[in-house]
Structures are given as C-alpha cells and as structure tokens.
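Data block below; observations after.
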Amino acid sequence: MMKGGGFKVVHGVDLIQPHEQWDYTNVGIENNCTNMDKNELSMWVENVTKQLIEDLPEASTECLQTDTTMVYEEGIVPSMLGESRPRKMTKRSYSCNGSGSEQLYWSHQNEDQTNLSRLDEHGLNLITLLLECAVAISVDNLGEAHRMILELTQMASPYGPSCAERVVAYFSKAMASRVINSWLGICNPLVNHKSIHCAFQVFNNISPFVKFAHFTSNQAILEVFHRQDRVHIIDLDIMQGLQWPALFHILATRLEGPPHVRMTGMGTSLDLLVETGKQLSNFAKRLGVSFEFHPIAKKFGDVDMSTLQIRRGEALAVHWLQHSLYDATGPDWKTMRHLQDLAPRVITLVEQDTSHGGSFLDRFVGSLHYYSTIFDSLGAFLPSDDQSRHRVEHCLMYKEINNILAIGGPARSGEDKFRHWRSELARNGFMQVPMSGNSMAQAQLILNMFPPAHGYSLVQGDGTIRLGWKETSLFTASAWTSHGSR
C-alpha cells in the first residue's frame with residue numbers, strides 16, 4: 001500500500017511534500033565518503049576523449065572518412081562533443097518568487113578542474129582502451145573491437161572500487177552486445193519490467209533524481225488543475241505510479257473539494273499496470289478522491305487515439321518522464337503527432353540531458369560523460385560494496401547504456417530519434433509554460449533531503465529547472481501547452 005503525503009505552504013501557496021513511499025523497505029543513504037579526487041571520473045572523461053580523438057593516427061581518420069554516416073574532419077569533433085555530452089550547469093538561478101532576479105547558487109570555480117596528473121593510471125588506461133574500441137566499432141572493424149573488448153572484460157569489474165572501473169565494465173559489456181548484434185543482426189533483448197521497477201524504487205530512495213522529476217511535474221500539473229472539477233492524466237510510462245499519491249493528497253485537501261481524477265497509465269505489461277491501478281485506487285479511496293484508472297499495455301505512439309477515451313469537459317495533462325531503459329513510446333514522430341492531436345492543457349516533460357540520436361560515436365561520447373557523472377554521484381557517498389548502489393548500476397544504468405549503444409541508433413532501428421524534445425515541441429507548435437517559483441520550491445525541498453556536501457546542483461532558467469551533479473546538468477524539467485488545449 002502507499003503511504004500518505006502532506007503539504008506545505010510557501011508564500012501562501014500549497015506545495016506537495018515529498019512523501020511518496022509505497023510499502024517497500026526504505027534504503028538509507030550512508031555517509032561513507034570516499035576520496036573525492038579518485039571518484040570524480042566525470043571531471044576528466046571529456047578531457048581524455050578529446051585528447052585521444054585528436055591523437056588518432058591518420059589511418060584511423062581516413063578510415064572514418066570512408067564511413068558515409070560520419071565524416072571525421074577537423075570541424076566535427078568540437079560539435080560532436082559539444083552537442084552530445086551533458087551541458088554544464090549555468091552558474092545562475094532565478095529566485096523562487098518568480099521575480100526573475102538572479103541569485104548565485106555556487107561560487108565561481110575554475111572551469112578547468114581536470115588534472116590528468118592526478119588520474120589513476122589503471123582508470124586512464126581503461127578509458128583509453130574503451131575509446132579506441134568505440135572508434136573501431138564506429139568504422140566496422142569488429143575483429144579489432146572484439147579483441148579489445150576481451151581485454152577490457154579482464155581489466156574491469158562492475159564491483160570494482162573505482163567509478164572508472166565500474167563504468168568501463170558496463171560500457172564494455174554493452175559494446176560486446178553491439179559487436180554481436182552487428183555480426184548476427186539486430187537483437188532486442190527481453191526486458192524484465194518488474195526488476196526494472198524495483199530498481200527504480202531503489203534509485204528513488206538513494207538519489208534525488210526521480211523525486212525531482214515527480215514533484216516538479218506534480219506542481220506544474222497542480223497549477224493547471226486549479227478549480228477544475230474533472231481532470232485526466234495520461235502517464236506515458238507509469239511504472240509503479242510512485243509520483244501520484246502526493247498529487248492525490250494535495251488535490252484531496254482543496255478548499256472546493258477534490259476533483260474527479262481519471263488516469264490513463266501506459267506501459268508494456270498489463271499485469272503490472274493492473275496492480276499499479278489497484279494501489280492507486282486504494283489510496284485515492286482512503287483520501288475520498290473519486291478515481292478511475294485505465295490501463296493501456298501499448299506504446300503511446302502505437303495506440304489508436306480512441307482508446308484514450310478523451311472526454312469533453314476534462315482538464316487533460318500528459319506526463320512523460322523520459323529514460324533510456326527501453327522504448328516506452330514508439331517512433332518519435334508518431335508520439336509528436338498524438339500529442340498534437342490531444343492538445344493537452346499541459347505536458348510535463350523530464351528529459352535526460354544526453355542525446356539518444358546521432359552516430360554511434362556521438363552516442364558513445366555523450367553517454368560516457370553522462371553516465372560517468374551519475375556513477376560519480378552514486379559513488380561519492382555510497383561504498384563500493386553497497387547493494388543498493390550496485391542494484392541501480394546493474395539494473396538501471398547498465399540497461400540504459402546497453403540500449404543506447406547496442407540497440408539504439410537510426411541505422412539499426414530505421415527511426416531517427418529526436419535529440420532534444422524541448423526544441424521539437426517548440427518547433428511543432430507547442431508553447432513553453434515557464435516552471436513556476438513553486439516548482440522550484442518543490443525541487444529545493446527535494447535537495448534539502450540530501451546534505452549540501454553530496455554535490456547536487458539546481459538551476460532555474462529558460463523556463464526550465466535543471467538538476468545535476470557538481471556542474472553537469474543531468475535532468476531537465478519543463479512544461480508545455482498548445483493552442484486550443486483541453
């Protein structure tokens with residue numbers, strides 16, 4: 001069963017409190033600090049990749065130039081690194097009162113924090129070999145790539161003491177799948193959704209990233225549902241529905257009484273969707289909220305619009321927490337068309353700040369920096385033998401890495417993926433709804449659950465809210481609407 005949540009008043013506005021736990025064993029965060037100098041892999045991954053790409057022998061660059069999908073010339077490297085890697089956090093934020101006044105969130109630090117002389121030699125050798133292997137795969141030199149993968153698997157373990165070793169272990173495993181797939185054809189591995197959902201719950205407990213996505217989106221939806229009697233939420237990948245109890249709780253406390261809530265939960269397993277619906281229905285019943293749940297075991301881009309049962313007079317919200325665990329929505333162009341047809345009052349979007357499109361080497365460089373940062377954030381304060389940390393790395397992070405490198409890519413799926421959904425929504429007639437000061441307050445409440453020394457960083461600007469680790473942005477929350485919205 002789900003546990004209830006509370007609410008807090010900030011500047012006279014009700015805010016959702018972060019109490020969204022179901023009856024799972026809470027996983028605590030241990031403050032076992034490790035040596036930060038050894039842990040901050042992400043601070044030098046970009047430097048190493050730049051250096052190694054620039055130092056590639058002429059034969060390698062000539063080989064790359066023969067690949068019609070990627071021309072390797074002097075001008076392509078900066079754009080590849082710049083567009084694919086996670087972006088640095090802007091060193092400013094806007095105040096929660098929405099006035100637009102700027103506040104400094106961090107003291108200015110030296111941008112060039114990379115000091116290769118401090119790097120662990122074993123870790124540097126691993127990253128070097130990993131990049132050389134990626135280059136070999138990008139030019140279809142699969143025999144050489146296979147040789148290097150065998151070497152990497154003997155040098156790196158997912159249980160290793162350093163973040164570098166663990167990252168390389170999972171990347172080399174994903175690239176082994178990529179090589180096998182290239183030899184045998186496209187391979188789509190079976191997905192154990194129950195295992196992923198349980199690991200997602202653990203991730204929710206040991207880091208702020210999932211809670212950030214849930215509560216900033218809930219606040220944006222709450223504001224749109226103000227004084228609405230009938231509301232409909234479409235969750236494009238509901239999983240266990242962890243974020244919705246907190247929203248139900250605040251809706252139940254409205255002075256004018258709770259609205260009738262209808263929820264369409266989408267996913268791949270009907271059994272899991274039905275179980276999620278039962279949990280949410282029981283919670284809503286205890287709060288006195290009139291609730292309907294409609295499970296759809298299909299990808300959003302593949303559904304017939306009539307199955308969504310849009311009703312006149314309902315305020316419609318669509319929520320999408322993006323991830324790379326599996327293809328949750330189907331072809332991007334179909335997903336966009338359905339969103340245009342629905343014309344919801346609000347779309348709450350939480351994106352990973354890394355690109356899923358482009359060539360293999362594009363995706364490799366971007367994902368290496370992105371996941372190095374996440375591994376760093378987990379390894380900074382959780383010991384190497386922590387079971388929760390290993391479960392998240394193995395059941396979530398590795399699945400995403402494998403999906404991006406071994407399964408993804410337009411050449412393998414036949415479908416081009418949007419690099420950034422925010423820009424595509426703007427290009428297709430949607431208007432951005434700036435994330436409010438109350439949404440920023442929600443995000444700050446989440447970060448307050450973690451000591452400042454944990455290194456998480458929060459920035460509001462350009463109508464979005466970004467959460468990252470140190471100065472690297474990892475997740476961006478935004479809200480959108482359209483003309484003639486429901």
Side-chain angles (χ1 to χ4, degrees), residues 45 48-49 52-53 56 60 63-64 66-72 76 80-81 83-85 125-158 164-192 196 323-328 352 354-372 374-375 393-417 419:
V45 158
V48 174
T49 53
L52 290 173
I53 290 177
L56 284 173
S60 297
C63 192
L64 280 164
T66 63
D67 186 354
T68 58
T69 63
M70 178 178 181
V71 179
Y72 193 90
I76 197 69
M80 177 185 72
L81 293 171
E83 190 154 337
S84 298
R85 68 174 185 246
N125 290 337
L126 287 173
I127 296 294
T128 302
L129 186 59
L130 186 71
L131 181 63
E132 291 173 352
C133 181
V135 171
I137 291 176
S138 71
V139 296
D140 288 330
N141 189 350
L142 302 184
E144 182 64 12
H146 182 250
R147 181 195 66 76
M148 288 186 278
I149 287 171
L150 291 177
E151 188 176 349
L152 284 167
T153 55
Q154 295 176 15
M155 296 169 63
S157 165
E165 184 174 346
R166 296 162 86 110
V167 167
V168 170
Y170 286 121
F171 268 78
S172 58
K173 187 177 178 182
M175 292 200 293
S177 298
R178 168 78 184 206
V179 170
I180 293 173
N181 293 350
S182 296
W183 273 330
L184 301 180
I186 296 176
C187 173
N188 289 312
L190 296 176
V191 178
N192 186 333
I196 286 176
H323 56 73
S324 304
L325 292 164
Y326 47 84
D327 181 8
Q352 295 175 308
T354 185
S355 175
H356 301 157
S359 69
F360 171 78
L361 205 54
D362 267 343
R363 300 196 310 279
F364 170 82
V365 172
S367 59
L368 179 60
H369 189 246
Y370 183 84
Y371 291 102
S372 294
I374 292 184
F375 273 67
E393 290 175 349
H394 180 74
C395 296
L396 295 183
M397 300 302 113
Y398 166 63
K399 293 291 192 299
E400 293 202 325
I401 293 166
N402 188 68
N403 199 37
I404 292 170
L405 298 185
I407 309 302
R412 307 174 74 76
S413 66
E415 295 284 349
D416 282 314
K417 303 296 285 183
R419 284 181 177 266

Could you measure the distance from the [atom1] atom of [X] to the [atom2] atom of [Y]? Nearest 0.5 Å is fine.
X: Leu368; Y: Ile404; atom1: CG; atom2: CD1; answer: 11.5 Å
X: Asn125; Y: Glu151; atom1: CG; atom2: CD; answer: 9.5 Å
X: Thr153; Y: Met148; atom1: OG1; atom2: CE; answer: 12.5 Å
X: Lys173; Y: Leu405; atom1: NZ; atom2: CG; answer: 13.5 Å

Which heavy atom of [X] sits nearest to which heavy atom of [Y], and what is that distance?
X: Tyr398; Y: Ser177; answer: OH-OG, 4.2 Å
X: Cys133; Y: Ile149; answer: SG-CG1, 3.5 Å
X: Val167; Y: Ser372; answer: CG1-OG, 4.0 Å
X: Pro158; Y: Ala169; answer: N-CB, 3.5 Å
X: Ala134; Y: Phe360; answer: O-CE2, 3.5 Å
X: Asn403; Y: Asp327; answer: ND2-N, 4.5 Å

| request: Could you check Phe364 against Leu131 for side chain to side chain contact (heavy atoms under 4.5 Å, CB included), going step by step and ending with a plain yes or no? | output: CA-CA 9 Å; Phe364 170 82; Leu131 181 63; 3.4 Å; yes

Heavy-atom distance under 4.5 Å between the side chains of [X] and [Y], does that happen here?
X: Gln352; Y: Glu400; value: yes
X: Tyr371; Y: Ser324; value: yes
X: Phe171; Y: Leu152; value: no
X: Leu325; Y: Leu396; value: yes
X: Met175; Y: Leu130; value: yes
X: Val168; Y: Met155; value: no

| request: Pick out which of Ile137, Leu142, Asn402 makes a side chain to side chain contact (heavy atoms under 4.5 Å, CB included) with Arg178. | output: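 Answer to the side chain to side chain contact (heavy atoms under 4.5 Å, CB included) test with Arg178 among Ile137, Leu142, Asn402: Ile137.
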
| field | Tyr170 and His394 aromatic ring geometry - parallel, tilted or perpendicular at 30°/60° bounds | value |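 Tilted.
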
| request: May I ask you to decide if the ring planes of His323 and Tyr326 are parallel, tilted or perpendicular, using 30° and 60° as cut-offs? | output: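 Ring orientation of His323 relative to Tyr326: perpendicular.
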
